[in-house]
Asks: 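Below you'll find the structure I mean.
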Amino acid sequence: MLDETRILDHFAEQAGWCEDLGSPFTAALLRQFADDFATDGPVANICRDWTGNPRKDALGLRLAGVLHHAVLTGAAPALAATYPAHVAEWKMEAVWAEARPWLAAHIPDVRTFLKSPPQTNETRRSIALLPGFLELAATYRMPMHLLELGASAGLNQNWDRFTYDGGTWQRPGPSEVTISTIWNGPEPLHLDAAPVIASRAACDLNPIDVSDETAFLRLKSYTWPDQAGRLARLDAAAELARQMGVRVEQANAVDWLAKHLANRPSEGLTVIYHSVFLIYPPKDDIERIKRLIAEAGAAATDTAPLAWLCFEPESLFGGDRASPRMQTRLQVWPGGEPRILNESDGHVTHVDMPQA
């Protein structure tokens with residue numbers, strides 16, 4: 001059995017992160033989970049026997065997702081009436097008065113829901129990756145073959161079809177999906193570059209098909225209820241994915257990447273990319289992925305170069321292990337050294353570019 005203080009510490013820490021990322025509702029809900037756990041309420045009944053690492057497993061966000069899912073699917077109409085979508089000036093006292101008995105009445109179903117990790121497929125991460133894609137398009141001027149790891153529902157496969165708004169700069173796209181954030185520092189170079197996408201492929205251990213309404217609502221349940229902008233952007237990106245017939249293969253990333261790198265085209269730029277993916281695989285798999293990319297990079301040629309573009313915690317690349325910072329990194333072969341293009345947080349509420 002897990003040390004119960006680790007669960008309480010996790011709820012408190014996650015609440016702080018939610019507050020910092022602009023979700024006072026989710027922060028308040030997590031603090032309510034902690035109080036209920038400490039007083040032996042239904043949250044304690046549900047979570048006390050958790051055998052994993054509550055922080056790594058994002059246990060608090062799994063539990064918050066359960067309640068939002070019940071709201072979205074109509075399974076808890078009384079609870080839905082207290083949520084931000086229905087009450088702009090929500091009160092956690094009113095929310096918890098409905099949430100607590102609902103949890104107590106659905107413990108087996110809640111435990112089943114908690115078995116799956118949260119997926120958000122945050123499309124705003126694409127604006128952090130954008131400078132890398134534009135640099136690759138401007139530098140290589142050849143068709144791109146895209147390989148996305150940990151793609152979830154595959155929404156970011158359409159990164160080149162989004163409209164981007166950095167406040168002081170814009171890049172129009174052909175779709176109605178707009179990705180905006182606070183942009184600190186110089187605007188991206190090559191905003192007029194025109195990437196040519198020859199092929200798109202993606203994998204995920206548990207892919208989500210947004211054409212399936214049940215699966216899509218599960219995905220949507222992990223987006224925080226008081227963040228209307230994120231919810232609207234998710235809806236728009238999912239509709240675009242449906243229109244474009246986006247497909248994500250169910251596969252282990254190591255095996256999938258090995259297969260695709262072994263059979264990659266003899267001409268054109270292959271781009272491996274991912275965002276907030278490497279926090280999930282086992283350490284051995286992470287090292288195997290890095291090794292596969294390095295080996296493929298060593299074999300890259302001027303007519304078939306390879307690029308690795310990712311948005312991941314700095315701690316995974318030798319940075320401060322306690323840091324919440326995310327970094328966009330780009331490495332190209334033949335011959336390129338890894339470079340940090342920008343920094344942000346997990347939801348890309350801002351992008352910090354290095355000063356020119």
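As the structure is a prediction and not an experimental result, all values here were calculated from the model.
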Asks: Could you check whether any side-chain heavy atom of P305 comes within less than 4.5 Å of a side-chain heavy atom of W333, counting everything from C-beta outward?
Replies: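 The answer is no; the side chains never approach within 4.5 Å.
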Asks: Anything under 30° is parallel, anything over 60° is perpendicular, the rest tilted; go ahead and classify F113 against Y222.
Replies: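 Aromatic pair F113/Y222 classed tilted.
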Asks: According to salt bridge (Lys or Arg N to Asp or Glu O under 4.0 Å), does anything in residues 179-196 pair up with another residue at least two apart or in another chain? List the pairs.
Replies: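 Output for this query is empty, none listed.
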Asks: Classify the angle between the aromatic ring planes of W256 and H260 as parallel (below 30°), tilted (30 to 60°) or perpendicular (above 60°).
Replies: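 Because their plane-to-plane angle lies in the 30° to 60° range, the rings of W256 and H260 count as tilted.
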Asks: To the nearest 0.5 angstrom, please state how far the OG1 atom of T5 sits from the NE2 atom of H10.
Replies: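 Answer rounded to 0.5 Å: 13.0 Å.
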Asks: Under the side chain to side chain contact (heavy atoms under 4.5 Å, CB included) test against N121, which residue among I208, V276, N156 passes?
Replies: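 In the set I208, V276, N156, the residue that makes a side chain to side chain contact (heavy atoms under 4.5 Å, CB included) with N121 is N156.
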Asks: For F317, is the NZ or CZ atom of K290 found under 6.0 angstrom from the centre of its six-membered ring and inside 45 degrees of the ring axis?
Replies: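 Output yes; distance and angle both within limits.
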Asks: Considering only heavy atoms from C-beta outward, does the side chain of S275 approach that of C310 to under 4.5 Å?
Replies: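 Result no, sub-4.5 Å side-chain heavy-atom pair not found.
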Asks: Hey, what do you get for CZ (R125) to OG1 (T181), rounding to the nearest 0.5 Å?
Replies: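 Answer for the CZ-OG1 pair, R125 versus T181, is 12.5 Å.
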Asks: Sorted by first residue and then second, give each salt bridge (Lys or Arg N to Asp or Glu O under 4.0 Å) pair with at least one member in residues 156-168; sequence neighbours left out.
Replies: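 For residues 156-168: D160-R200.
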Asks: For the pair D226 (side chain) and F25 (backbone), establish whether a donor and an acceptor sit closer than 3.5 Å, ignoring hydrogens and angles.
Replies: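 Yes, the answer is positive, given that a donor and an acceptor are paired below the 3.5 Å cut-off.
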Asks: Output the distance between atom CG (L30) and atom CG (L59), rounded to the nearest 0.5 Å.
Replies: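 Between atom CG of L30 and atom CG of L59 there are 9.5 Å.
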Asks: Do F311 and Y273 have ring centres separated by under 6.0 Å?
Replies: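 Aromatic pair excluded; centres sit 6.0 Å or further apart.
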Asks: Is there side-chain contact between Q331 and I293, with at least one heavy-atom pair below 4.5 Å?
Replies: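 Q331 does not reach I293 side chain to side chain.
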Asks: Are L330 and L147 connected in the hydrophobic side-chain network, where two residues link if heavy atoms are under 4.5 Å apart?
Replies: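 Per the 4.5 Å side-chain linkage, L330 and L147 are co-clustered.
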Asks: Decide yes or no for D204 and Q119: does some side-chain heavy atom of the first lie under 4.5 Å from some side-chain heavy atom of the second?
Replies: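 They are in contact (side-chain heavy atoms under 4.5 Å apart), so the answer is yes.
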Asks: Could you state the interatomic distance from CZ (F33) to CG (L103), rounded to the nearest 0.5 Å?
Replies: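 Going from CZ on F33 over to CG on L103, the span is 6.5 Å.
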Asks: A side-chain contact here means heavy atoms from C-beta on lying under 4.5 Å apart; do W50 and R48 qualify?
Replies: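 No, side chains not in contact.
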Asks: In Å, rounded to the nearest 0.5 Å, how long is the span from CG of L234 to OG1 of T223?
Replies: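 One finds 5.0 Å between CG of L234 and OG1 of T223.
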Asks: In a table with atom names and distances, give each donor-acceptor pair under 3.5 Å that connects a side chain of residues 77-101 to protein atoms at least two apart or in another chain.
Replies:
from	atom 1	to	atom 2	distance (Å)
T82	OG1	L79	O	2.7
R100	NE	D36	OD1	2.8

Asks: When the aromatic ring centroids of F133 and W159 are compared, is their separation below 6.0 Å?
Replies: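 Ring centroids of F133 and W159 are less than 6.0 Å from each other.
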Asks: With side chains defined as the heavy atoms from C-beta onward, is the minimum distance between P188 and W183 less than 4.5 Å?
Replies: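 Heavy-atom side-chain distance check passes, below 4.5 Å.
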Asks: If you draw a 6.0 Å radius around CZ in R55, do more than 12 non-hydrogen atoms from other residues or ligands fall strictly inside?
Replies: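 No, not enclosed.
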Asks: Check the hydrophobic clustering (I, L, V, M, F, W, Y; side-chain heavy atoms under 4.5 Å; chains of links allowed) and say if V246 and L155 are grouped together.
Replies: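 Different hydrophobic clusters.
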Asks: May I ask you to test the L316-I279 pair for a side-chain heavy-atom distance under 4.5 Å?
Replies: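 Yes, their side chains come closer than 4.5 Å.
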Asks: Tell me the closest heavy-atom pair linking E267 and H145, and the distance in Å.
Replies: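 Distance-wise, the nearest heavy atoms are O-NE2, 3.4 Å.
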Asks: Which pairs, with at least one residue in residues 244-265 and sequence neighbours excluded, count as a salt bridge (Lys or Arg N to Asp or Glu O under 4.0 Å)?
Replies: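 As it turns out, the salt bridge (Lys or Arg N to Asp or Glu O under 4.0 Å) pairs with a partner in residues 244-265, which skip direct neighbours, are E249-K259.
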Asks: Do the side chains of E148 and C203 get nearer than 4.5 Å, heavy atoms only?
Replies: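 C203 does not reach E148 side chain to side chain.
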Asks: How long is the gap from OG1 on T123 to CD1 on I179, to the nearest 0.5 Å?
Replies: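 Answer for the OG1-CD1 pair, T123 versus I179, is 4.0 Å.
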Asks: Using side chain to side chain contact (heavy atoms under 4.5 Å, CB included) as the criterion, list what pairs up with Q243, not counting sequence neighbours.
Replies: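 With sequence neighbours excluded, Q243 shows a side chain to side chain contact (heavy atoms under 4.5 Å, CB included) to E239, L240, given in chain and number order.
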Asks: Sequence neighbours left out, what pairs pass salt bridge (Lys or Arg N to Asp or Glu O under 4.0 Å) with at least one residue falling in residues 109-123?
Replies: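 Pairs touching residues 109-123 that pass the test: E122-R230, E122-R233.
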